[in-house]
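This report refers to the structure that appears directly beneath it.
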Amino acid sequence: MNDDANDLETLRIGARLAGFTLTDAEVEEIRPMVMAGMRALHALETAPVAEVEPTTHYRTV
Amino acid sequence: MADLFWASMTELARMVATKAVSPVEVVRVHLDRIATLDRDLRSYITVCDEAALAAARAAEADLMSGHGVGPLHGVPYALKDLYDTAGVRTTGGSRILGDRVPEADATVTRRLAQAGAILIGKLNMVEFAYGPEGLNPHYGHARNPWDRAVHRMAGGSSSGSGVAVAAGLAPGSLGSDTGGSIRIPSSLCGITGLKPTYGRVSRAGVLPLAWSMDHVGPMTRSAADCALMLRAMAGYDAADASTSVLPVPDFGASLTGDIKGLRVGLLRSFFLDGATPEVRATVETAARVLASAGAVVDEVNLESMPHVGGASLAIVGSEALAYHAERLRTRAGDFDPDVARRLRAGAYITGVNYVRGQQVRALVRDEVDRALARRDVLLAPSTPIPAPPIDARQVELGDGPSDVRTALVRFNRPFNLSGHPSCSVPGGFTAAGLPVGMQFVGRPFDEATVLRAADAWQRLSDFHTRHPVLG
């Protein structure tokens, strides 16, 4: 999801791709939260992790 | 004994073992207090009156017949209502699971029973553990016991666990912590809560929020009681692939009170700088007290902290939605609307976001490891604010405005990402009489040193011995 995800139709399509059918009212309810989340997720792209391998295993000993 | 409900688990275990008090009396005192106070406090979802009294009578019979007793023999405790309990409903704080009665105990439920502990009830919580304020529209909002005039947040998601222990309705409880859900209510309610290292305690039979971030641990009124409970709970479990095969030490043996030479890193930027002035001053004062007792205190900054929020959102949002997706499709109307909104927002997190979150997780873990390579523990506030009123939405922090939800999780999520152990203790009180929590963070699987620092602090202060005035 990118910055264009601020209109209801885009949000509705995104929900449908995840298997949810939301009403206009339900989409409107989550829009502020989704927008705030998008900002936080986009900020992740500035993290210096280009050479960092993601954690994929439990660190058990 | 007067005020038996304020006795610690350690004291109760000793008194029961020496037959100074009957387990039946101990359990009855707590059940009576629940009956008197919990209509207002709303810390319990289910009270196990009859089963607890039956277990107490059996414990007394064992004791009288000279059978060997466990370290928690006859000591009551309560569980956040997401731990499976055979024959006792386990709701996860939800309406959807309101009638769910597990057939088997969670691993830790079973281990505590084997240690002799007596379950007296299941505790209120945020629905499915998804929220830090401690609110629950289905079972009522647990009330912070430290303010009788204003209804303040208990903190969550283990809200009932914090309130019950703070109010003397249980000497100890278990919570779970995905983004601070043990340490936030411990901070706001003025108790001691330990998030162990990821992998130290089994999550088998505990309803998940986000598998890779969930930790389970004790919430009590002292570090010594956390040590007692952790010893009984911890260790490898074949039912949880994430558990470690490392031996479980006697955590109580590390509680020497000696912190001469203990290296304490005071977390300045993001942590102290982000707290309200009153919280910041409280933790700085505590650091000076520790230094005067022989600890070697320096300041440390963690550069990766600004990325923690996005990484936590990517990981928790994805995993939580994956777990609840089917329920959300078929029973959306039965969710707390706020929880449903948060879960739905997870649908917009991409696979790339999730992987990026896991990369940041590695970054954070390695940076915390480096900070602890030259120190024994790190010290920071547990929450930047004391308990806000339940209708508060915005707060002013040391570095600017924040919504309450983000503020509450801010200092906790780094150590859910990294998996390091962290113990929240009462560090002081505000001028208005509200508890201020601070946390000691240690190396992986070194809960012994974390508890040693927390216990030493509690020998130097009396904040953990103060109780709210109730009833």
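Order of the sequence lines sets the chain letters (A, B, ...), proteins ahead of strands, with each chain counted from 1. Side-chain atoms are counted along with the backbone in the values below, which use heavy atoms only and exclude waters and symmetry mates.
For B/Ser157, the side chain to side chain donor-acceptor pair (under 3.5 Å) criterion is met by B/Lys80, B/Ser181, not counting sequence neighbours. Qualifying side chain to side chain contact (heavy atoms under 4.5 Å, CB included) partners for B/Glu303, counting only residues two or more places apart in sequence or in other chains: B/Asn301, B/Glu367.
Taking 4.0 Å as the cut-off between side-chain N and carboxylate O, B/Arg203 and B/Asp214 do not count as a salt-bridged pair. Salt-bridge check for B/Asp250 with B/Arg231: passed, with a basic side-chain N closer than 4.0 Å to an acidic carboxylate O.
B/Leu408 approaches B/Pro132 most closely through the heavy-atom pair CD1-O, 3.6 Å.
Proximity to chain B involves both the backbone and the side chain of A/Glu29, based on heavy atoms less than 4.5 angstrom apart. A/Ala43 touches chain B through its backbone: at least one of N, CA, C or O sits under 4.5 Å from a heavy atom, while the side chain does not. For B/Arg200, no part sits under 4.5 Å from any heavy atom of chain A, backbone or side chain. At a 4.5 Å heavy-atom cutoff, the contact between B/Leu328 and chain A is made by backbone and side-chain atoms alike. The contact between A/Leu22 and chain B is made entirely by side chain atoms (from C-beta outward), counting heavy-atom distances below 4.5 Å. Both the backbone and the side chain of B/Ala325 come within less than 4.5 Å of a heavy atom of chain A. Using a 4.5 Å cut-off between heavy atoms, A/Thr46 touches chain B through backbone and side chain atoms alike.
Put simply, of B/Ser304, B/Ala311, B/Gly309, the one with the most heavy-atom pairs under 4.5 Å next to chain A is B/Ala311. Interface summary for chain B: among A/Val49, A/Thr21, A/Ile30, the most heavy-atom pairs under 4.5 angstrom belong to A/Val49.
Stacking of B/Arg329 on the aromatic ring of A/Phe20 is recorded, both the 6.0 Å distance cut-off and the 45° axial limit being met.
More than 12 heavy atoms of other shown residues, nucleotides or ligands fall within 6.0 angstrom of atom CD in B/Gln394.
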